[in-house]
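Each remark here refers to the structure printed beneath this line.
Chain letters run A, B, ... following the sequence lines, proteins first and then strands; every chain starts at 1. No experiment lies behind these values; they were computed from the predicted model shown. Every heavy atom of this structure was used, including side-chain atoms; hydrogens, water molecules and symmetry mates were not.
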Number of protein chains: 2
Amino acid sequence: MRDTTTHPTSATAVELDRIDKRILRRLQQDASISNVALAAEVNLSPPACLRRVERLKREGLIRGIVAHLDPERLNAGMVVLIGVVLDRSTPASFAAFEEAAQRVTGCMECHVVTGEFDYFMLVRTRDSQSFNKLHAEQLLYLPGVRQIRSFMGLKEVVSTHRVPL
Amino acid sequence: MRDTTTHPTSATAVELDRIDKRILRRLQQDASISNVALAAEVNLSPPACLRRVERLKREGLIRGIVAHLDPERLNAGMVVLIGVVLDRSTPASFAAFEEAAQRVTGCMECHVVTGEFDYFMLVRTRDSQSFNKLHAEQLLYLPGVRQIRSFMGLKEVVSTHRVPL
DNA sequence: CATGAGCAGGAAATAAAATTGCGCGACACG
DNA sequence: CGTGTCGCGCAATTTTATTTCCTGCTCATG
(Lines give C-alpha, C1' and ligand atoms only; values in the text may rest on other atoms or scores of the structure.)
Protein backbone atom coordinates (compact mmCIF):
# COMPACT_ATOMS: atom_id res chain seq x y z
CA MET A 1 0.00 0.00 0.00
CA ARG A 2 1.51 3.26 -0.93
CA ASP A 3 0.30 6.56 0.30
CA THR A 4 -0.63 8.73 -2.62
CA THR A 5 -2.75 11.21 -0.73
CA THR A 6 -1.79 14.41 -2.43
CA HIS A 7 -3.57 17.30 -0.87
CA PRO A 8 -3.46 20.59 -2.76
CA THR A 9 -1.48 23.04 -0.68
CA SER A 10 -0.64 26.15 -2.65
CA ALA A 11 -1.08 27.27 -6.20
CA THR A 12 2.38 28.77 -6.55
CA ALA A 13 4.36 26.02 -4.92
CA VAL A 14 5.02 22.94 -6.98
CA GLU A 15 3.88 19.73 -5.43
CA LEU A 16 6.65 17.33 -4.73
CA ASP A 17 5.88 13.92 -3.39
CA ARG A 18 8.29 11.69 -1.55
CA ILE A 19 9.70 10.22 -4.75
CA ASP A 20 10.32 13.60 -6.38
CA LYS A 21 12.24 14.71 -3.34
CA ARG A 22 14.33 11.60 -3.32
CA ILE A 23 15.12 12.09 -6.98
CA LEU A 24 16.10 15.72 -6.42
CA ARG A 25 18.21 14.90 -3.40
CA ARG A 26 19.98 12.19 -5.29
CA LEU A 27 20.63 14.23 -8.40
CA GLN A 28 21.79 17.17 -6.36
CA GLN A 29 24.32 14.89 -4.75
CA ASP A 30 25.38 13.03 -7.89
CA ALA A 31 23.73 13.34 -11.26
CA SER A 32 26.13 11.04 -13.07
CA ILE A 33 24.06 8.13 -11.84
CA SER A 34 22.28 6.26 -14.62
CA ASN A 35 18.54 6.41 -14.89
CA VAL A 36 18.18 2.71 -14.23
CA ALA A 37 20.16 2.98 -11.01
CA LEU A 38 18.21 6.05 -9.95
CA ALA A 39 14.96 4.27 -10.73
CA ALA A 40 16.02 1.35 -8.57
CA GLU A 41 16.87 3.67 -5.70
CA VAL A 42 13.49 5.31 -5.71
CA ASN A 43 11.62 2.06 -6.43
CA LEU A 44 10.33 2.97 -9.84
CA SER A 45 10.69 1.49 -13.29
CA PRO A 46 13.22 3.28 -15.52
CA PRO A 47 10.57 4.83 -17.77
CA ALA A 48 8.54 6.14 -14.85
CA CYS A 49 11.63 7.57 -13.25
CA LEU A 50 12.72 9.18 -16.49
CA ARG A 51 9.33 10.78 -16.90
CA ARG A 52 9.62 12.32 -13.47
CA VAL A 53 13.08 13.67 -14.11
CA GLU A 54 11.90 15.17 -17.38
CA ARG A 55 8.91 16.70 -15.65
CA LEU A 56 11.16 18.21 -12.99
CA LYS A 57 13.34 19.70 -15.69
CA ARG A 58 10.39 20.98 -17.64
CA GLU A 59 8.89 22.59 -14.57
CA GLY A 60 12.19 24.30 -13.86
CA LEU A 61 12.92 22.63 -10.58
CA ILE A 62 15.99 21.14 -12.15
CA ARG A 63 17.69 24.07 -13.80
CA GLY A 64 20.40 21.99 -15.32
CA ILE A 65 22.93 19.24 -14.93
CA VAL A 66 26.39 20.67 -14.53
CA ALA A 67 29.92 19.62 -13.76
CA HIS A 68 31.24 20.89 -10.48
CA LEU A 69 34.89 21.74 -11.00
CA ASP A 70 37.66 22.21 -8.46
CA PRO A 71 38.37 25.94 -8.19
CA GLU A 72 41.81 25.36 -6.65
CA ARG A 73 43.04 23.52 -9.68
CA LEU A 74 41.64 26.12 -12.00
CA ASN A 75 43.38 29.08 -10.44
CA ALA A 76 40.36 30.21 -8.53
CA GLY A 77 41.19 28.93 -5.08
CA MET A 78 41.04 32.25 -3.33
CA VAL A 79 37.79 33.79 -2.22
CA VAL A 80 37.26 37.48 -1.65
CA LEU A 81 34.08 38.96 -0.24
CA ILE A 82 33.45 42.49 -1.33
CA GLY A 83 31.07 45.09 0.01
CA VAL A 84 30.26 47.88 -2.41
CA VAL A 85 28.75 51.30 -1.85
CA LEU A 86 27.57 53.31 -4.83
CA ASP A 87 27.79 57.07 -5.29
CA ARG A 88 24.12 57.50 -5.97
CA SER A 89 21.16 55.26 -5.34
CA THR A 90 19.40 55.76 -8.63
CA PRO A 91 17.92 53.06 -10.85
CA ALA A 92 20.30 53.94 -13.66
CA SER A 93 23.23 53.76 -11.31
CA PHE A 94 22.20 50.36 -10.06
CA ALA A 95 21.56 49.03 -13.53
CA ALA A 96 24.96 50.15 -14.76
CA PHE A 97 26.70 48.54 -11.85
CA GLU A 98 24.85 45.26 -12.21
CA GLU A 99 25.59 45.11 -15.87
CA ALA A 100 29.27 45.52 -15.19
CA ALA A 101 29.38 43.24 -12.17
CA GLN A 102 28.33 40.26 -14.24
CA ARG A 103 31.46 40.71 -16.28
CA VAL A 104 33.87 40.73 -13.37
CA THR A 105 36.14 37.73 -13.78
CA GLY A 106 35.38 35.09 -11.21
CA CYS A 107 32.34 36.82 -9.77
CA MET A 108 30.37 33.99 -8.18
CA GLU A 109 27.79 35.94 -6.21
CA CYS A 110 26.50 39.47 -6.37
CA HIS A 111 23.51 40.64 -4.40
CA VAL A 112 21.76 43.89 -3.64
CA VAL A 113 21.69 44.02 0.14
CA THR A 114 20.32 45.99 3.04
CA GLY A 115 22.66 47.69 5.50
CA GLU A 116 25.84 49.61 5.09
CA PHE A 117 26.52 48.32 1.58
CA ASP A 118 24.57 48.50 -1.62
CA TYR A 119 26.03 45.30 -3.03
CA PHE A 120 27.84 42.32 -1.72
CA MET A 121 29.92 40.17 -4.03
CA LEU A 122 31.86 36.95 -3.74
CA VAL A 123 34.71 36.70 -6.18
CA ARG A 124 37.07 33.84 -6.88
CA THR A 125 40.61 34.41 -8.00
CA ARG A 126 43.98 32.69 -7.84
CA ASP A 127 45.87 34.46 -5.07
CA SER A 128 46.37 37.88 -3.55
CA GLN A 129 48.45 39.00 -6.51
CA SER A 130 45.81 38.12 -9.01
CA PHE A 131 43.23 39.72 -6.76
CA ASN A 132 45.27 42.87 -6.73
CA LYS A 133 45.23 42.81 -10.50
CA LEU A 134 41.50 42.22 -10.54
CA HIS A 135 41.04 45.03 -8.06
CA ALA A 136 43.09 47.46 -10.08
CA GLU A 137 41.77 46.47 -13.49
CA GLN A 138 38.14 45.65 -12.92
CA LEU A 139 36.74 46.48 -9.51
CA LEU A 140 37.99 50.05 -9.43
CA TYR A 141 36.39 50.65 -12.80
CA LEU A 142 32.95 49.45 -11.85
CA PRO A 143 30.60 52.33 -12.60
CA GLY A 144 29.39 54.60 -9.82
CA VAL A 145 31.36 53.03 -7.04
CA ARG A 146 32.06 55.17 -4.00
CA GLN A 147 33.61 52.61 -1.75
CA ILE A 148 34.83 49.02 -1.92
CA ARG A 149 35.60 47.01 1.15
CA SER A 150 37.28 43.63 0.67
CA PHE A 151 37.36 40.70 3.04
CA MET A 152 39.91 38.15 1.98
CA GLY A 153 38.92 34.55 2.48
CA LEU A 154 41.48 32.67 4.57
CA LYS A 155 39.75 29.35 4.80
CA GLU A 156 36.80 27.83 3.03
CA VAL A 157 34.56 26.24 5.64
CA VAL A 158 31.51 25.69 3.47
CA SER A 159 30.95 26.21 -0.23
CA THR A 160 28.06 24.42 -1.81
CA HIS A 161 25.19 24.82 -4.18
CA ARG A 162 23.06 22.20 -2.48
CA VAL A 163 19.65 23.45 -1.48
CA PRO A 164 18.15 21.81 1.62
CA LEU A 165 15.33 19.42 0.80
CA MET B 1 56.49 2.81 -10.37
CA ARG B 2 56.67 4.97 -13.40
CA ASP B 3 57.21 8.57 -12.62
CA THR B 4 57.29 10.30 -15.94
CA THR B 5 59.57 13.30 -16.17
CA THR B 6 58.78 16.66 -14.69
CA HIS B 7 55.52 16.14 -12.91
CA PRO B 8 54.32 18.98 -10.67
CA THR B 9 52.33 16.53 -8.58
CA SER B 10 51.19 19.38 -6.36
CA ALA B 11 47.46 19.46 -6.74
CA THR B 12 47.39 23.02 -7.99
CA ALA B 13 49.13 22.65 -11.33
CA VAL B 14 47.57 20.35 -13.91
CA GLU B 15 48.27 20.45 -17.57
CA LEU B 16 45.18 21.19 -19.56
CA ASP B 17 45.32 21.40 -23.30
CA ARG B 18 42.79 23.19 -25.46
CA ILE B 19 40.54 20.15 -25.70
CA ASP B 20 40.44 19.59 -21.95
CA LYS B 21 39.43 23.17 -21.46
CA ARG B 22 36.69 22.93 -24.02
CA ILE B 23 35.39 19.80 -22.34
CA LEU B 24 35.41 21.46 -18.94
CA ARG B 25 33.74 24.57 -20.25
CA ARG B 26 31.05 22.55 -21.90
CA LEU B 27 30.36 20.31 -18.94
CA GLN B 28 30.32 23.23 -16.58
CA GLN B 29 27.64 24.76 -18.75
CA ASP B 30 25.63 21.59 -19.36
CA ALA B 31 26.70 18.12 -18.37
CA SER B 32 23.54 16.43 -19.55
CA ILE B 33 25.04 16.36 -23.03
CA SER B 34 25.84 12.87 -24.26
CA ASN B 35 29.40 11.78 -24.70
CA VAL B 36 28.96 11.38 -28.43
CA ALA B 37 27.70 14.94 -28.78
CA LEU B 38 30.46 16.24 -26.58
CA ALA B 39 33.00 14.31 -28.60
CA ALA B 40 31.68 15.86 -31.79
CA GLU B 41 31.94 19.34 -30.31
CA VAL B 42 35.55 18.91 -29.37
CA ASN B 43 36.45 17.00 -32.53
CA LEU B 44 37.29 13.71 -30.92
CA SER B 45 35.97 10.19 -31.22
CA PRO B 46 33.57 9.18 -28.46
CA PRO B 47 36.01 6.80 -26.76
CA ALA B 48 38.81 9.35 -26.76
CA CYS B 49 36.49 11.96 -25.33
CA LEU B 50 35.23 9.61 -22.67
CA ARG B 51 38.77 8.76 -21.64
CA ARG B 52 39.52 12.43 -21.18
CA VAL B 53 36.43 13.03 -19.09
CA GLU B 54 37.30 10.04 -16.93
CA ARG B 55 40.81 11.33 -16.54
CA LEU B 56 39.54 14.75 -15.50
CA LYS B 57 37.32 13.11 -12.91
CA ARG B 58 40.08 10.89 -11.66
CA GLU B 59 42.46 13.82 -11.32
CA GLY B 60 39.84 15.69 -9.35
CA LEU B 61 39.33 18.54 -11.76
CA ILE B 62 35.76 17.43 -12.16
CA ARG B 63 34.53 17.03 -8.62
CA GLY B 64 31.20 15.70 -9.66
CA ILE B 65 28.19 15.97 -11.89
CA VAL B 66 25.29 17.52 -10.05
CA ALA B 67 21.81 18.82 -10.64
CA HIS B 68 21.42 22.54 -10.22
CA LEU B 69 18.04 23.11 -8.59
CA ASP B 70 15.96 26.26 -8.44
CA PRO B 71 16.22 27.66 -4.91
CA GLU B 72 13.09 29.76 -5.31
CA ARG B 73 10.92 26.76 -5.89
CA LEU B 74 12.46 24.92 -3.01
CA ASN B 75 11.79 27.54 -0.40
CA ALA B 76 15.29 28.94 -0.47
CA GLY B 77 14.80 32.02 -2.58
CA MET B 78 16.04 34.52 -0.04
CA VAL B 79 19.72 35.18 0.48
CA VAL B 80 21.20 36.55 3.66
CA LEU B 81 24.84 37.51 4.05
CA ILE B 82 26.09 37.28 7.58
CA GLY B 83 29.22 38.66 9.17
CA VAL B 84 30.21 36.94 12.38
CA VAL B 85 32.58 38.01 15.15
CA LEU B 86 33.68 35.48 17.75
CA ASP B 87 34.28 36.10 21.44
CA ARG B 88 37.76 34.68 21.40
CA SER B 89 40.15 34.00 18.61
CA THR B 90 41.41 30.64 19.78
CA PRO B 91 41.78 27.50 17.67
CA ALA B 92 39.21 25.67 19.78
CA SER B 93 36.77 28.51 19.39
CA PHE B 94 37.19 28.53 15.64
CA ALA B 95 36.87 24.78 15.37
CA ALA B 96 33.67 24.73 17.39
CA PHE B 97 32.14 27.46 15.30
CA GLU B 98 33.07 25.81 12.02
CA GLU B 99 31.69 22.52 13.14
CA ALA B 100 28.36 24.14 13.96
CA ALA B 101 28.25 26.39 10.92
CA GLN B 102 28.19 23.41 8.58
CA ARG B 103 24.94 22.35 10.15
CA VAL B 104 23.16 25.65 9.70
CA THR B 105 20.20 25.00 7.44
CA GLY B 106 20.73 26.54 4.04
CA CYS B 107 24.30 27.61 4.67
CA MET B 108 25.79 27.87 1.21
CA GLU B 109 29.06 29.63 1.96
CA CYS B 110 31.10 30.12 5.08
CA HIS B 111 34.59 31.56 5.05
CA VAL B 112 37.17 32.72 7.52
CA VAL B 113 37.93 36.27 6.47
CA THR B 114 40.23 39.16 7.20
CA GLY B 115 38.84 42.45 8.42
CA GLU B 116 36.19 43.36 10.90
CA PHE B 117 34.60 39.90 10.89
CA ASP B 118 35.96 36.49 11.71
CA TYR B 119 33.55 34.66 9.41
CA PHE B 120 31.33 35.51 6.55
CA MET B 121 28.43 33.29 5.62
CA LEU B 122 25.87 33.17 2.86
CA VAL B 123 22.65 31.50 3.88
CA ARG B 124 19.58 30.66 1.83
CA THR B 125 16.15 30.61 3.35
CA ARG B 126 12.55 31.11 2.30
CA ASP B 127 11.63 34.61 3.43
CA SER B 128 12.23 37.06 6.23
CA GLN B 129 10.01 35.08 8.56
CA SER B 130 11.88 31.88 8.06
CA PHE B 131 15.13 33.80 8.39
CA ASN B 132 13.93 35.14 11.69
CA LYS B 133 13.31 31.61 12.80
CA LEU B 134 16.72 30.51 11.59
CA HIS B 135 18.26 33.47 13.37
CA ALA B 136 16.54 32.70 16.64
CA GLU B 137 16.96 28.95 16.54
CA GLN B 138 20.33 28.40 14.94
CA LEU B 139 22.45 31.48 14.40
CA LEU B 140 22.16 32.82 17.94
CA TYR B 141 23.21 29.44 19.27
CA LEU B 142 26.37 29.18 17.24
CA PRO B 143 29.19 28.67 19.75
CA GLY B 144 31.37 31.58 20.81
CA VAL B 145 29.58 34.25 18.82
CA ARG B 146 29.96 37.82 20.03
CA GLN B 147 28.27 39.60 17.19
CA ILE B 148 26.23 38.79 14.11
CA ARG B 149 25.54 41.32 11.41
CA SER B 150 23.07 40.39 8.71
CA PHE B 151 22.70 41.83 5.25
CA MET B 152 19.46 40.76 3.63
CA GLY B 153 19.64 40.04 -0.05
CA LEU B 154 17.13 42.13 -1.99
CA LYS B 155 18.04 41.06 -5.49
CA GLU B 156 20.18 38.30 -6.87
CA VAL B 157 22.39 39.78 -9.56
CA VAL B 158 24.81 36.89 -9.94
CA SER B 159 24.81 33.44 -8.37
CA THR B 160 26.86 30.78 -10.06
CA HIS B 161 29.39 28.09 -9.48
CA ARG B 162 31.00 28.43 -12.83
CA VAL B 163 34.72 28.88 -12.57
CA PRO B 164 36.31 31.00 -15.31
CA LEU B 165 38.30 28.93 -17.80
C1' DC C 1 -23.36 2.74 -8.33
C1' DA C 2 -21.62 2.51 -13.22
C1' DT C 3 -18.59 4.73 -16.49
C1' DG C 4 -15.28 7.02 -18.83
C1' DA C 5 -11.59 10.57 -18.97
C1' DG C 6 -7.14 11.50 -17.20
C1' DC C 7 -3.11 10.28 -14.89
C1' DA C 8 0.88 7.58 -13.50
C1' DG C 9 2.99 3.21 -13.70
C1' DG C 10 5.12 -1.30 -15.77
C1' DA C 11 6.74 -4.54 -19.66
C1' DA C 12 8.73 -5.22 -23.85
C1' DA C 13 10.80 -3.60 -28.01
C1' DT C 14 13.76 -0.41 -30.25
C1' DA C 15 17.21 3.15 -30.71
C1' DA C 16 21.14 5.18 -28.90
C1' DA C 17 24.86 5.56 -26.06
C1' DA C 18 28.63 3.91 -23.16
C1' DT C 19 32.35 0.90 -22.83
C1' DT C 20 35.93 -2.45 -24.18
C1' DG C 21 39.60 -4.47 -27.05
C1' DC C 22 42.81 -3.77 -30.45
C1' DG C 23 45.91 -1.85 -33.82
C1' DC C 24 48.10 2.37 -35.61
C1' DG C 25 51.06 6.37 -35.71
C1' DA C 26 53.55 10.26 -33.30
C1' DC C 27 56.95 11.31 -30.20
C1' DA C 28 60.91 11.18 -26.95
C1' DC C 29 64.80 8.80 -25.55
C1' DG C 30 68.57 5.64 -25.55
C1' DC D 1 67.37 3.64 -36.05
C1' DG D 2 64.84 0.47 -32.29
C1' DT D 3 61.73 0.74 -28.51
C1' DG D 4 58.45 1.95 -25.15
C1' DT D 5 54.73 5.13 -24.14
C1' DC D 6 50.88 7.74 -25.03
C1' DG D 7 46.71 9.04 -27.15
C1' DC D 8 43.81 8.31 -31.03
C1' DG D 9 40.19 5.94 -34.00
C1' DC D 10 37.55 1.84 -35.47
C1' DA D 11 34.55 -1.87 -34.60
C1' DA D 12 32.28 -5.02 -31.54
C1' DT D 13 29.75 -5.63 -27.32
C1' DT D 14 27.25 -4.38 -23.37
C1' DT D 15 24.49 -1.21 -21.10
C1' DT D 16 21.31 2.46 -21.06
C1' DA D 17 17.88 5.61 -22.74
C1' DT D 18 13.66 6.02 -24.98
C1' DT D 19 9.45 4.76 -27.24
C1' DT D 20 5.23 2.25 -27.53
C1' DC D 21 1.56 0.12 -25.72
C1' DC D 22 -1.26 -1.53 -22.19
C1' DT D 23 -3.05 -1.75 -17.27
C1' DG D 24 -4.80 -0.05 -12.91
C1' DC D 25 -6.28 3.70 -10.15
C1' DT D 26 -8.81 7.99 -9.01
C1' DC D 27 -12.31 10.98 -9.46
C1' DA D 28 -16.07 13.59 -11.36
C1' DT D 29 -20.45 12.99 -13.39
C1' DG D 30 -24.69 10.90 -15.27
**Message:** Keeping A:Arg25 on the side-chain end and A:Leu165 on the backbone end, is there a donor-acceptor pair under 3.5 Å?
**Reply:** yes
**Prompt:** Whole Å only: how far is the CG atom of B:Asn43 from the C1' atom of D:dG9?
**Reply:** 14 Å
**Asked** Taking the side chain of B:Ser45 as heavy atoms from C-beta outward, which of D:dG9, D:dG7, C:dG10 is closest to it?
**Response** D:dG9
**Prompt:** Within this structure, what is the CD-to-C1' distance between A:Glu15 and C:dC7, rounded to whole angstrom?
**Reply:** 14 Å
**Complete:** Expected list for residues 21-28 of chain B near DNA chain D, using heavy atoms below 4.0 Å, is none
**Item:** Spacing between A:Leu44 atom CG and C:dA8 atom C1', to the nearest angstrom
**Value:** 9 Å
**Request:** Report yes if a side-chain nitrogen or oxygen of A:Arg55 is closer than 4.0 Å to either non-bridging phosphate oxygen (OP1 or OP2) of C:dA8; otherwise report no.
**Result:** no
**Fill in**
In whole angstroms, the gap separating C1' of D:dA17 from CD1 of A:Ile65 amounts to 15 Å
**Message:** Suppose we screen for side chain to side chain contact (heavy atoms under 4.5 Å, CB included). Which residues come up paired with B:Leu50, at least two apart in sequence or across chains?
**Reply:** B:Asn35, B:Glu54
**Asked** Taking only residues two or more places apart in sequence, or in another chain, which ones meet A:Asp87 in a salt bridge (charged side-chain N to carboxylate O under 4.0 Å, His left out)?
**Response** A:Arg146
Check nucleotides 17-21 of chain C for protein N or O atoms closer than 3.5 Å to its own N or O atoms and list the pairs.
| unit_1 | atom_1 | unit_2 | atom_2 | d |
| --- | --- | --- | --- | --- |
| C:dA18 | OP1 | B:Asn35 | N | 2.6 |
| C:dA18 | OP2 | B:Asn35 | N | 3.2 |
| C:dA18 | OP2 | B:Val36 | N | 3.1 |

**Message:** Among residues at least two apart in sequence or on other chains, which ones pass ring-ring contact (aromatic ring centres under 6.0 Å, His included) with B:Phe97?
**Reply:** B:Tyr119
Nucleotide N/O of nucleotides 13-15 of chain C paired with protein N/O under 3.5 Å:
none

**Residues which pass side chain to side chain contact (heavy atoms under 4.5 Å, CB included) with A:Arg63, listed by chain and number, not counting sequence neighbours** = B:His68, B:Asp70, B:Pro71
**Message:** Can you list everything that forms a ring-ring contact (aromatic ring centres under 6.0 Å, His included) with A:Phe117? Sequence neighbours excluded, please.
**Reply:** A:Phe120, B:Phe151
**Message:** Strictly by salt bridge (Lys or Arg N to Asp or Glu O under 4.0 Å), give each pair with a member in residues 40-53 of chain B just once, sequence neighbours left out.
**Reply:** B:Asp17-B:Arg52, B:Asp20-B:Arg52, B:Arg26-B:Glu41
**Message:** Can you confirm whether A:Val113 sits close enough to B:Val80 that some side-chain heavy atom of one is under 4.5 Å from a side-chain heavy atom of the other?
**Reply:** no
**Message:** For B:Arg103, give me all partners under salt bridge (charged side-chain N to carboxylate O under 4.0 Å, His left out), at least two apart in sequence or on another chain.
**Reply:** B:Glu99
**Complete:** Applied to residues 120-129 of chain B, the salt bridge (Lys or Arg N to Asp or Glu O under 4.0 Å) test, sequence neighbours excluded, yields B:Arg124-B:Glu156
**Request:** Please list, chain by chain and in numerical order, all residues satisfying side chain to side chain contact (heavy atoms under 4.5 Å, CB included) with B:Ala96, sequence neighbours excluded.
**Result:** B:Pro143
